[in-house]
Amino acid sequence: MRRHQLRLIVVSLLIFLGIIFLLNRSSNDTKPSNLMLSKKKSLSYAEVQARLAKERESKKTDDSKITSTISEDQEKIKLINQNPENDKTGSRIKKAQDFYTLVFNIFEEGKPKIPALNRYKDDQRIYHAGYEGLAEGPVFTEEYLKSFLQLTEEEVESLKHSHKAVVNKLPANCPEGLYQGNGIVYVGGGKYNWLALLSIKTLRSVGSELPVEVLIPSIEEFEVDLCGRVFPALNARCILLAKELGNKVATDNSFYGYQYKSLAIITSSFEKVLLLDSDNVPIHAPDYLFDVEPFASNGLIVWPDFWKRATSPYYYQIAGRELGSRVRFGRNNYGTNEPNNVNDIDFSEDIPVEKVPLHDREGAIPDPTSESGQLMVSKKTHSKALFLALYYNLFGPDYYYPLFSQGSDGEGDKETFLAASVILNKKFYQVNKFLNAFGHFDSDGNFIGTGMGQYDPVEDYRILQRKLKAKDNEDLLKLQDSGEGSDFEVKTQPKILFVHANFPKLNPWDLKTTKEIFDKDGSRKRLYGTGMAKRIGYDFELVQWQNMHFLICELKLKLNTFKDIDPEDLCIEISEQLQHLEDSIATLETDFNF
């Protein structure tokens with residue numbers, strides 16, 4: 001009996017030490033001091049034996065806890081080590097790990113050699129300018145954008161040297177057979193496991209048949225029932241970051257926050273990827289997007305964010321990009337120039353380049369900024385750009401995020417994908433239709449934003465093409481704008497395809513405890529107001545709470561997000577909010593059928 005217990009102790013410790021050796025990852029809530037190449041020492045076999053001997057001597061081992069932990073972790077290891085249907089022999093993942101090792105060696109050689117960029121001209125930060133409509137305030141010229149984040153000539157040259165080394169050495173293509181097919185990718189882990197599940201449930205409800213992969217950043221966040229039973233039932237699977245990257249890359253690096261999106265795209269098995277944030281919900285099946293324009297010929301689709309681009313001119317120097325004269329006059333709105341500033345409405349050609357918005361110039365990343373709650377990319381056409389974007393993200397918090405956003409709204413990974421593609425002269429498509437702000441009015445009449453609606457790029461592209469063809473035909477243009485005509489099958493505006501429910505997140509217990517779904521008087525309310533159903537075609541909010549009820553109260557799924565909450569209390573809360581949504585259907589603006 002004692003010999004059996006000793007074996008259990010040894011196995012348990014070896015499993016945990018193996019996990020530590022594989023993952024060696026910083027907590028989601030703590031920013032590591034060095035995001036790249038944060039190395040930790042693993043224990044030798046002799047040290048393991050010494051630790052075991054010490055534990056035996058202390059007799060402090062709780063055998064029942066060890067047995068339980070062994071059982072849980074053995075099941076995790078079993079699931080993680082199972083090869084998927086598209087790689088039964090494990091040859092693909094071995095090829096991928098070797099390739100990632102090569103790429104990360106290039107990143108190591110090209111890591112920045114200077115201190116973090118945090119020196120600003122003064123305490124003032126860049127003017128937070130939304131893009132829609134004419135605004136007052138400064139024009140975002142080169143001079144204006146250079147007046148915030150400060151770099152010396154030596155710092156620019158050092159970063160330029162590192163950037164050039166990476167660009168020159170990154171492979172132009174991925175190994176043959178490394179990626180195949182179309183699919184959707186999420187970043188899970190922690191509270192995001194629940195949000196990804198809710199999004200995937202909606203994805204299947206609207207008829208999508210695309211396979212799904214959910215990146216799990218650490219083994220602690222790998223939920224056995226979710227990854228072993230629930231996700232597979234929805235044609236989704238978990239991919240553990242450390243396993244996908246391989247031992248060397250996983251142990252030599254620490255990853256954090258926004259870096260996971262680019263890692264999720266790269267480590268997924270799909271060749272063509274639709275990346276969705278875990279709190280982003282597709283409201284129609286997106287399967288058709290992959291095989292038609294604009295994705296078919298561009299290989300990258302980005303969606304707009306609310307803000308003007310605030311990228312520092314220093315970034316273009318670092319990337320070796322010389323900017324030319326003006327080639328744009330504001331945001332492209334279906335072939336029509338849409339300026340954003342009352343001080344920039346003179347489009348004559350004799351305006352000095354010094355007075356032109358920096359991002360209207362040839363070679364610059366076009367306005368507006370990108371919202372990366374959704375992103376479509378082909379690894380066949382944009383693999384090098386994806387790895388350059390990963391480089392930007394690995395060194396993002398200390399270097400490239402300040403360069404791209406200079407402390408303005410939305411700083412993070414969102415600018416890295418388009419920036420890398422522009423610098424490498426890769427094609428891309430920016431959705432023309434500006435995003436829709438969802439929310440409700442509180443009891444004081446203030447609008448409270450709760451989410452963003454992003455539009456169908458296929459319909460967006462078709463409207464653009466028709467507008468361009470009709471540009472010289474005033475009568476035809478008026479006809480199209482009116483939506484009339486016997487063969488006019490494309491609407492005057494595209495349908496909303498994604499709802500990025502980013503704040504607050506659709507966690508029923510958090511919504512209760514933070515009182516986000518209650519008015520001041522304690523009465524329940526709708527997060528998305530009365531007009532959203534009309535805009536998207538059905539009662540989105542009702543459907544989400546119906547899905548919550550199905551997953552938690554009917555299937556009785558156990559998720560770590562709710563492990564400290566009494567299941568009965570949780571279901572009572574979901575049921576009460578669901579009842580309120582059903583009772584308030586009559587208040588909705590209606591042009592649709594439930």
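Just so you know, residue 1 is the first one in the sequence shown, and it goes up from there.
- One finds no salt bridge joining Glu271 and Lys379 here, because no Lys/Arg side-chain nitrogen approaches an Asp/Glu carboxylate oxygen to under 4.0 Å.
- Looking at heavy atoms from C-beta onward, Val214 lies in side-chain contact with Ile200 at the 4.5 angstrom threshold.
- Ion pairing of Lys414 with Glu371 is absent here, as no side-chain N (NZ or NE/NH1/NH2) approaches a carboxylate O to less than 4.0 Å.
- In summary, Glu85 and Arg237 do not engage in a salt bridge, as defined by a charged side-chain N under 4.0 Å from a carboxylate O.
- Counting heavy atoms from C-beta outward, Ile265 and Val377 have side chains that approach closer than 4.5 Å.
- One finds no salt bridge joining Lys558 and Asp225 here, because no Lys/Arg side-chain nitrogen approaches an Asp/Glu carboxylate oxygen to under 4.0 Å.
- Atom-to-atom distance recorded for Asn393:CG and Lys261:NZ is 9.5 Å, nearest 0.5 angstrom.
- The backbone N or O of Phe417 sits less than 3.5 Å from a side-chain atom of Ser421, completing a donor-acceptor pair.
- Side chains of Asn83 and Thr89: no donor on one and acceptor on the other come within 3.5 Å.
- Around the NZ atom of Lys201, the shell of radius 6.0 Å holds more than 12 heavy atoms that belong to other residues, nucleotides or ligands.
- When atom types are taken as modelled, the side chain of Thr450 and the backbone of Leu527 share a donor-acceptor pair closer than 3.5 angstrom.
- A salt bridge links Arg309 and Glu415; the closest N-O separation between the charged side-chain nitrogens and carboxylate oxygens is under 4.0 Å.
- The shortest non-hydrogen separation linking Leu506 to Trp194 is O-NE1, 3.0 Å.
- Asp460 places a side-chain N or O within 3.5 Å of a backbone atom of Lys433 that can act as its donor or acceptor partner.
- In this pair, Tyr392 and Tyr400 present their aromatic rings tilted. The plane angle is within the 30 to 60° band.
- Ion pair Lys505/Asp279 flagged as a salt bridge, since at least one NZ, NE, NH1 or NH2 atom sits closer than 4.0 Å to an Asp/Glu carboxylate oxygen.
- Taking the charged nitrogens against the carboxylate oxygens, Asp539 and Arg526 do have a contact shorter than 4.0 Å, which makes a salt bridge.
- The distance from the CG atom of Asn81 to the CG atom of Leu240 is 9.5 Å, given to the nearest 0.5 Å.
- Summarising the geometry of Leu581 relative to Trp545, their closest heavy-atom pair is CD1-CD1, 3.4 Å, with the distance given to 0.1 Å.
- Side-chain atoms of His500 and Gln374 form no donor-acceptor pair, as typed in the model, at a separation below 3.5 Å.
- No side-chain donor-acceptor contact under 3.5 Å links Arg92 to the backbone of Ser269.
- Judged by distance alone, the side chains of Asp287 and Ser208 do bring a donor and an acceptor atom under 3.5 Å apart.
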